[in-house]
2 protein chains.
Amino acid sequence: MTGKTVLVVDDEQAVRQMVAFNLEREGYQVRQAADTVAARGEIADVRPDLLLLDWMLPGMSGLEFARALRRESYGQDLPIIMLTARGEEEDMVRGLNVGADDYVTKPFSPRELIARIEAVLRRAGASAPGDVLELGGLRLDLGSHRVSAGEQTVEVGPTEFRLLHFFMAHPERVYSRSQLLDRVWGPSVYVEERTVDVHIRRLRKALERHEAAQMVQTVRGSGYRFSARP
Amino acid sequence: MTGKTVLVVDDEQAVRQMVAFNLEREGYQVRQAADTVAARGEIADVRPDLLLLDWMLPGMSGLEFARALRRESYGQDLPIIMLTARGEEEDMVRGLNVGADDYVTKPFSPRELIARIEAVLRRAGASAPGDVLELGGLRLDLGSHRVSAGEQTVEVGPTEFRLLHFFMAHPERVYSRSQLLDRVWGPSVYVEERTVDVHIRRLRKALERHEAAQMVQTVRGSGYRFSARP
DNA sequence: GCGAATATGACACACCGGTGACCGCGCCCC
DNA sequence: GGGGCGCGGTCACCGGTGTGTCATATTCGC
């Protein structure tokens, strides 16, 4: 699943994991950092789309960190949501002045957090993920969550949909079972590699009524490839 | 945007000015009133498009004022956002029942305030009388608050109406339970996600006498979609 | 033709969503 | 002021679907 990437910076592991769990369930990629040093590394590394930043951090405070980021070229466009404990609200005025886009007071509900993230991402512009993928007569519509071949609708289950989505976003390239598990099932899911075979088969079955099954190709010894060419 | 007029009713001058500063920067016309008496005058005078109403006011409370307004002809359509201090959230449930369209807890970020104002105005603007949504034989009349299928009237409750309204305004797109709660119930309402299921069912029940229930579609693992196509 | 890799069918189980019932809260009407 | 009513939210239960695993068949490359 290719969602937006969110970096959570908080010194409490429990908070990070709670956030990660809920965001991943919504389709986000989540990276974690316990302090600003690790955060720097992650930012340079994965270029997150949004930063969830705890107000109280060991060493440099979240406020200073946000200010520092805002002075840098990449950080200027990086949306920031501050996490703060109740009672620190007055400080948040300063936080917002420094350039945070919003803040959430702990404890917060997952829904509230997600709502604010989506609001900020929407504002940051172009948050609507690529809406329709089309390849070799196959159409996959992310918005309506539909797959069609020509005029007909292709019935696929949730996992097959994600698998096909990944394939259509990365065609003409071979992926090993383990890579597919990573990218489609998620990094924190462990299942047998052979499971991929089964879902490949299910995907082919769904496609074969529309003469599109040959687009899912086996590369013996390496993995699978999605291609419009035979 | 042609500069909508917002009336701020709050006894603290600092709050009024902060709000005014931020709203004017966004292009709004802002009027101020320190109490309900002055507010009455302003309302009669400038016919504001939206009312920002402090919960605690000298004399008459914001709640009573809102209730009183709702009983009057002009006030019925006037969108109201309540301003409240943290800790009074429980009371706000009553505020919302009285007819406030949303509320914001102090201290709030300018962003948050503006986002909510825009959300409320969008909702209010969409319900200009005579505005009708039509899709697949279903008609939803915002003005008269009525739903009809062909010649027959479809009986739906308030929540089902809002749900259907949102769906018909955003067809052919999947929304997760969490998104629906955000967009239909509002960002500041916290209920169980499964509550959505129940209202989906109630909506379907209302529609099925008119053979329109199949327009409300389940996308397993993702959410719900409203569509004229099967 | 042989071994390894992949396809396929079957199956058990977890999970998701549908559904009916219940409860509590305002509100309105006696 | 009491009782009924409508509405909204929650819960518990159930049935179906989707998913992962395994055993077995089949194909591929050498």
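Chain letters run A, B, ... following the sequence lines, proteins first, then strands; residues in each count from 1.
- In this structure, A:Arg225 atom CZ and C:dT6 atom C1' are separated by 16 Å, rounded to whole Å.
- Listed here is the closest heavy atom pair of B:Glu155 and B:Ala206: O-CB, 3.3 Å.
- Under 3.5 Å, the side chains of A:Thr159 and A:His199 contain no donor-acceptor pair of N or O atoms.
- The residue among B:Ser222 and B:Val198 whose nearest nucleotide of DNA chain C is located toward the 5' end is B:Ser222.
- At a threshold of 4.0 angstrom between heavy atoms, the contacts of B:Tyr224 are confined to the sugar-phosphate backbone, with no base atom among them.
- Take the nearest nucleotide of DNA chain D for A:Glu193 and for A:Val156: the residue whose nucleotide is more 5' is A:Val156.
- Counted within 6.0 Å of CZ on B:Arg177, heavy atoms from surrounding residues, nucleotides or ligands total more than 12; the atom is thus considered enclosed.
- Between the CZ atom of A:Arg202 and the C1' atom of D:dT17 there is a distance of 11 Å, rounded to whole Å.
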Could you go through A:Leu50 and A:Ile117, starting from their C-alpha distance and side-chain angles, then the distance that decides it, and tell me whether this counts as side-chain contact (heavy atoms from CB on, under 4.5 Å)? CA-CA 8 Å; A:Leu50 186 138; A:Ile117 286 177; 4.2 Å; yes

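- In this structure, A:Glu160 reaches the sugar-phosphate backbone alone: every heavy-atom distance under 4.0 Å involves primed, P, OP1 or OP2 atoms, never a base.
- Rounded to a whole Å, the CZ atom of B:Phe161 is 14 Å from the P atom of D:dC7.
- Using a 4.0 Å heavy-atom criterion, one finds that B:Arg162 contacts no nucleic acid atom at all.
- For C:dG9, one of the phosphate oxygens OP1 or OP2 lies less than 4.0 angstrom from a side-chain nitrogen or oxygen of A:Lys205.
- C:dG9 atom C1' lies 17 Å from atom CD1 of A:Ile200, rounded to whole Å.
- Atom pair A:Arg201:CZ and D:dG18:C1' shows a separation of 13 Å (rounding to whole Å applied).
- In this structure, B:Arg194 places its CZ atom 19 Å from P of D:dG8, rounding to the nearest Å.
- Considering only the side chain of A:Thr159, D:dT19 comes nearest among D:dC11, D:dT19, C:dG17.
- OP1 or OP2 of C:dA7 sits under 4.0 Å from a side-chain N or O of A:Arg204.
- Listed pair B:Trp185 / D:dG8 fails the phosphate criterion, with no side-chain N or O lying under 4.0 Å from OP1 or OP2.
- For the pair A:Arg139 (side chain) and A:Ser148 (backbone), a donor-acceptor distance under 3.5 Å is absent.
- With D:dC22, C:dT6, C:dT19 as the candidates, the nucleotide lying closest to the side chain of A:Arg177 is C:dT6.
- Closest contact between the side chain of B:His199 and the listed nucleotides D:dG8, C:dG18, C:dT6 involves D:dG8.
- Computed from coordinates, the B:Glu192 CD to C:dC22 C1' distance equals 16 Å when rounded to whole Å.
- Within the structure, a side-chain polar atom (N or O) of A:Thr218 is placed less than 4.0 Å from OP1 or OP2 of C:dA7.
- As rounded to whole Å, 10 Å separates atom C1' of C:dG18 from atom CZ of B:Arg220.
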